[in-house]
J.: 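Have a look at the structure that comes next, please.
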Amino acid sequence: MTSAPYITGYTNPMSVAPGQTIRFHVSAEGVGRYRADIVRLIQGDLNPAGPGFKEKLLRTSVSGTYRAQPQRTYPGSCVVIAPAAPLDRLESFTLQALIWPTTPTKGRQIVLGRWADRQRAGYALIIDAAGAAALLIGDGRRVEVLGTGLTLGERRWAFIAASYDADSGEAWVVQEALEDHPALVTRAEAARKLRVKPRMATQAPFAMAAGFSHTDGERSVFHHHYNGKIDRPRLANRALDATAMATFRAYRPGPDQTAAAVGWWDLAAGMATTAITDLSAHRLHGETVHLPTRAMTGHNWTGHTLCAHGAPEEYGAIHFHDDDLYDSGWDVAFELRVPRRLRSGVYAARLGATSGGKAGKVEDYIPFFVRPARGKPTARVAYLAETATYMAYANFNVLHAPESEPWASRLLVIYPDNLLAYQHDEWGKSLYETHSDGSGIAFSSRLRPITNMRPKHNSPFGLYGSSLREFCADTHLTDWLEAEGHAYDVITDEDLDAEGLELLRPYDVIVTGTHPEYTSTRMWDALKAYTGQGGRLMYMGGNGFYWRIAYHPDCPGALEMRRAGGSRTWITEPGEEYQSIDGERAGLWRDVGRAPQRLVGSGMVTMGFDVASYFKRLPESHDPRVAFAFEGISADERIGAFGLIGGGAAGLEFDRAEPRYGTPPHALVVARSENHTESYLLVVEEMGAMIPNIHAPENPLIHADMVFYETAHGGAVFSFSSQCWCGSLSHQGYDNNVSRLTGNVLNRFLDPTPL
Amino acid sequence: MADPDLAALIEEFDANPIGHHGPALRHLLEELRGGPAQGKLVLVCTKPYREWVLATLTGDKRAPVKLDQRHVFHDLLDAERFVFHRRLAARTMALTKAGSRP
């Protein structure tokens, strides 16, 4: 690995309560020893025009120096079937599958088999260096490959199979495209008597989409990863002829196939989980590794149904990627049992190199959240940290995307974390990017370093000034809460998904972050129930509650999202718009009748990345119902015509009210932004057909709407509707109309008098 | 600069590199900012909020950016102007070679 010196890591879990233990997984290169301390994070923006970086050092058991250890990450998904007697007993065999390869010519890729690379032993059906189906055989010393020589079509279904007869030594490999193009050769085969006799019993598991390489500690390392879909993988205990192979393509084994079938894997079964089911009599069940994408259209998808959960026989495919990653599996460098009296808040392990060539120059912060113990709130206000958004943007990078600068509307500014993430793509990319084979990334995990979820972080896609987004931008809010003396607990998206309404119910006010874009169904329901039962919600950002996600039931810290509809950087394949985890329609909440306007009164309308603007009051702000919010603010003053992010309170990504989408009829639109630049473009879901006036100055829809409305039982919602809002809070020592308006709302929301 | 229209666009950009731009300048900027990622001029932040170095995206994972230490900026707007003029000069040269008026 060639890399700039670095130190980084991740925690597990990310949200922890007093009395619980949190583990820190750290890797470093070019560093000898490092010092670690726990700090409370208050303000993460280094902008000299702002209040300055603020952290508080804690004395904990973590404080000390540690020896830096580089940690390897082994990405790439596969299916693993543990070694078993039926596999060891095998002599003759047939391997077959239907495949949809996405990188057929990238080099050797193992589709399925039992291959121990370092032992040079086993057997596997592979795609060889020519991009053709091939049989790989090894006896522990010698290796033999028999291939068809015909390159498989990229993103085209093909049937591939290989058989071996132990008595005769005859092997046969065949491939046949499912599409019939008379002008093309779509079928090829090869047969010969092999010199090498495969060794069956090895230390390797039987695997799909990869081959076993070696072990690293307790981790099994796989390689020769396959990119693409596999459907209906089969293993037989004899050399099947073409007719028998055809019967093995059935969804379930019939009576005539049971004796020959050793593995008849139904990749649709358990698609919400990591479990792999074998329908053969041997029950050679397995597990997926590193979250390949399930609920994928199979070779026989008809288009009559769009949801995998209703038609498993048409969704028998899994899409594997050589860069899928769930758990980096790094060693634990140190851990912290959270002191019982530690205040809820945003914290981090602060790491700094103390020896080695970069002593004093290489540092990192690994953030985590200390929440109150379950059912024991310690404040009346809860700040809901948008950890799902942090995960969605994890390691978001712009260096490879030609559209980056046109989007930014200014020169790309590259920061050290961008370079680190680019050099270490084994740590996985964001949900905005694509896998190495060009397919969209549908899973994100927090069990890996997230280089852009850091204090002191700037983004190439922030605005001029403090170019902050997500985690670091949210520290403008925690800073304001601390500066204004508001006590608050911190809870996270992941906590909310797990615990639902009971997590929110004890609080008088829930305050969101600046960009709560990703929301699971359980999160959405809990927030809606909270406001419907008298809770008060302050939506502090923009582009909130936009994409649906689901947390993985088997893999804590992983979530799924698919880019169906909306403004998106990749597009789901037809028929794959439903989430594997819960069978729900993925994509925009708006497309399932739950536009953000139904939850918070406003919803995404635009984004831009140059500068921000300001709000002006609207006549409805003078309604006595909302007079509390504007005390001390004159009728015609510009609100937030200043700020660290882009110089204004209205910008980056923001939302508008729209009764047709669900803004409540009694909602008051109390302020509206204006004077946005041409870089702000209308989101695609607001266009039925292409329209010419998609820029802010020409399009009347492009403005941020500040919205207030009461909910049942004395509850209320106040939506500031702009990602920049919190960047203006600290202006002039927190004495400004953005701070005043925010404080007016929070203080009134803390007053139990019904609104 | 012979073309009065182009001169006006340059004046408009130099006065306000980041912010409101008229349609003609916007079209010109979209052209200048297009193209593949590899070879694109970028800034690498070397001191937060204080120093940026001109660089080129290489597409090479081992060394993703090639720094040009001759051009170190302490104001992002100066950097914007510098790159705008450099790209404009390259565009003018390319158009002249192709035999069309810039």
Side-chain angles (χ1 to χ4, degrees), chain A residues 1-4 45-50 53 397-426 456-460 463-467 608-613 644 646-647 675-680 695-698, chain B residues 12-13 16-67 71 73-87:
Chain A
M1 175 58 61
T2 305
S3 165
D45 186 0
L46 296 173
N47 192 338
F53 187 77
N397 222 323
V398 299
L399 269 70
H400 48 70
E403 309 84 10
S404 297
E405 190 184 339
W407 267 340
S409 299
R410 59 197 183 101
L411 276 175
L412 283 182
V413 182
I414 307 298
Y415 298 92
D417 69 275
N418 302 130
L419 299 174
L420 188 63
Y422 187 76
Q423 293 192 301
H424 290 274
D425 55 3
E426 75 273 17
K456 304 183 180 179
H457 172 265
N458 286 78
S459 167
L463 297 186
Y464 180 55
S466 289
S467 194
F609 302 104
D610 54 0
V611 292
S613 191
L644 295 171
N675 195 29
H676 293 290
T677 65
E678 296 73 18
S679 84
Y680 287 84
H695 298 268
E698 302 103 41
Chain B
E12 181 186 352
F13 184 88
N16 185 26
I18 299 175
H20 280 289
H21 293 146
L25 177 57
R26 209 165 69 214
H27 291 156
L28 176 62
L29 287 169
E30 283 164 7
E31 181 188 332
L32 296 178
R33 290 168 174 158
Q38 194 170 336
K40 190 162 273 189
L41 290 174
V42 298
L43 299 174
V44 172
C45 181
T46 42
K47 292 176 185 164
Y49 295 94
R50 285 195 292 141
E51 186 181 280
W52 300 267
V53 179
L54 189 68
T56 306
L57 293 180
T58 65
D60 179 357
K61 187 175 164 182
R62 288 167 301 179
V65 287
K66 186 179 176 190
L67 296 179
H71 301 290
F73 301 96
H74 299 281
D75 181 334
L76 276 176
L77 300 184
D78 288 343
E80 290 283 350
R81 292 184 188 101
F82 178 86
V83 172
F84 176 73
H85 282 268
R86 178 183 269 203
R87 287 173 170 170

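Side-chain atoms are counted along with the backbone in the values below, which use heavy atoms only and exclude waters and symmetry mates. Lettering of chains follows the sequences in order, A, B, ..., and the numbering in each one begins at 1.
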J.: If you take all heavy atoms of S467(A) and Y49(B), which pair is closest and at what distance?
T.: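 Looking at all heavy atoms of both residues, the closest pair is N-OH, 4.0 Å.
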J.: Does any backbone or side-chain atom of P48(B) lie under 4.5 Å from a heavy atom of chain A? Answer side chain, backbone, both or neither.
T.: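 Side chain only.
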J.: Given heavy-atom pairs under 4.5 angstrom as the criterion, report whether the side chain, backbone, both or neither of Y464(A) touches chain B.
T.: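 For Y464(A), side-chain heavy atoms alone lie under 4.5 Å from chain B.
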J.: I'd like to check E405(A) versus L41(B) (side-chain heavy atoms, cut-off strictly below 4.5 Å). Are they in contact?
T.: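 No, every pair of side-chain atoms sits at 4.5 Å or beyond.
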J.: I need the residue from E80(B), H21(B), H20(B), R50(B) with the largest number of non-hydrogen atom pairs under 4.5 Å to chain A.
T.: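 Among the listed options, the one with the most contacts to chain A is H20(B).
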J.: At a heavy-atom separation under 4.5 Å, does N418(A) approach chain B through its side chain, its backbone, both, or neither?
T.: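 For N418(A), no heavy atom lies under 4.5 Å from chain B.
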J.: Run the side chain to side chain donor-acceptor pair (under 3.5 Å) test against S459(A) and tell me which residues pass, sequence neighbours left out.
T.: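 None.
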J.: Measuring from atom CG of D425(A) to atom NZ of K61(B), what distance do you get when rounded to the nearest 0.5 angstrom?
T.: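 Result: 3.5 Å between the selected atoms.
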J.: Please step through side chain to side chain contact (heavy atoms under 4.5 Å, CB included) for the pair S409(A) and R33(B), ending with a clear verdict.
T.: CA-CA 8 Å; S409(A) 299; R33(B) 290 168 174 158; 4.2 Å; yes
J.: As an exercise: rank L29(B), L32(B), L43(B) by heavy-atom pairs under 4.5 Å with chain A and give me the winner.
T.: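 Most heavy-atom pairs within the cutoff with chain A belong to L43(B).
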J.: Measure distances from S466(A) to the heavy atoms of chain B and classify the residue's part below 4.5 Å as side chain, backbone, both or neither.
T.: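 For S466(A), heavy atoms of backbone and side chain both lie under 4.5 Å from chain B.
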J.: Where does H695(A) contact chain B at under 4.5 Å (heavy atoms): side chain, backbone, both or neither?
T.: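 Interface part for H695(A): side chain.
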J.: Quick one: what part of V44(B) sits under 4.5 Å from any heavy atom of chain A, side chain, backbone, both or neither?
T.: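 Both parts, heavy atoms under 4.5 Å.
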J.: Say you draw a straight line from CG of D60(B) to OH of Y422(A); how long is it, rounded to the nearest 0.5 Å?
T.: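 If we round to the nearest 0.5 Å, D60(B):CG and Y422(A):OH are 7.5 Å apart.
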J.: What part of L57(B) gets closer than 4.5 Å to chain A, counting heavy atoms only: side chain, backbone, both or neither?
T.: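 Looking at L57(B), just its side chain touches chain A.
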J.: At their closest point, which heavy atom of P402(A) faces which heavy atom of A37(B), and how far apart are they?
T.: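 Closest pair (atom of P402(A), atom of A37(B), distance): CB-N, 3.9 Å.
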J.: Taking the side chain as C-beta and beyond, is there a heavy-atom pair between L411(A) and F82(B) under 4.5 Å?
T.: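 They are not in contact (no side-chain heavy atoms under 4.5 Å apart), so the answer is no.
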J.: Specify the closest pair of heavy atoms between L399(A) and P64(B), including all atoms of both residues, with the distance to one decimal.
T.: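 Taking L399(A) first and P64(B) second, the nearest heavy atoms are CD2-CB, 3.7 Å.
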J.: Minimum heavy-atom separation for C45(B) to P416(A), with atom names?
T.: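 Shortest heavy-atom separation between C45(B) and P416(A) comes out as O-CD, 4.2 Å.
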J.: Between N458(A) and chain B, with a heavy-atom cut-off of 4.5 Å, which part of the residue counts as in contact: side chain, backbone, both or neither?
T.: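 When you check distances to chain B, only side chain atoms of N458(A) fall under 4.5 Å.
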J.: Check salt bridge (Lys or Arg N to Asp or Glu O under 4.0 Å) between D610(A) and all other residues, then give those that pass, not counting sequence neighbours.
T.: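 Counting only residues at least two positions away or on another chain, D610(A) forms no salt bridge (Lys or Arg N to Asp or Glu O under 4.0 Å).
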J.: For the candidates G19(B), P36(B), A63(B), P17(B), which exhibits the highest count of non-hydrogen atom pairs separated by less than 4.5 Å from chain A?
T.: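 The residue among G19(B), P36(B), A63(B), P17(B) with the greatest pair count is G19(B).
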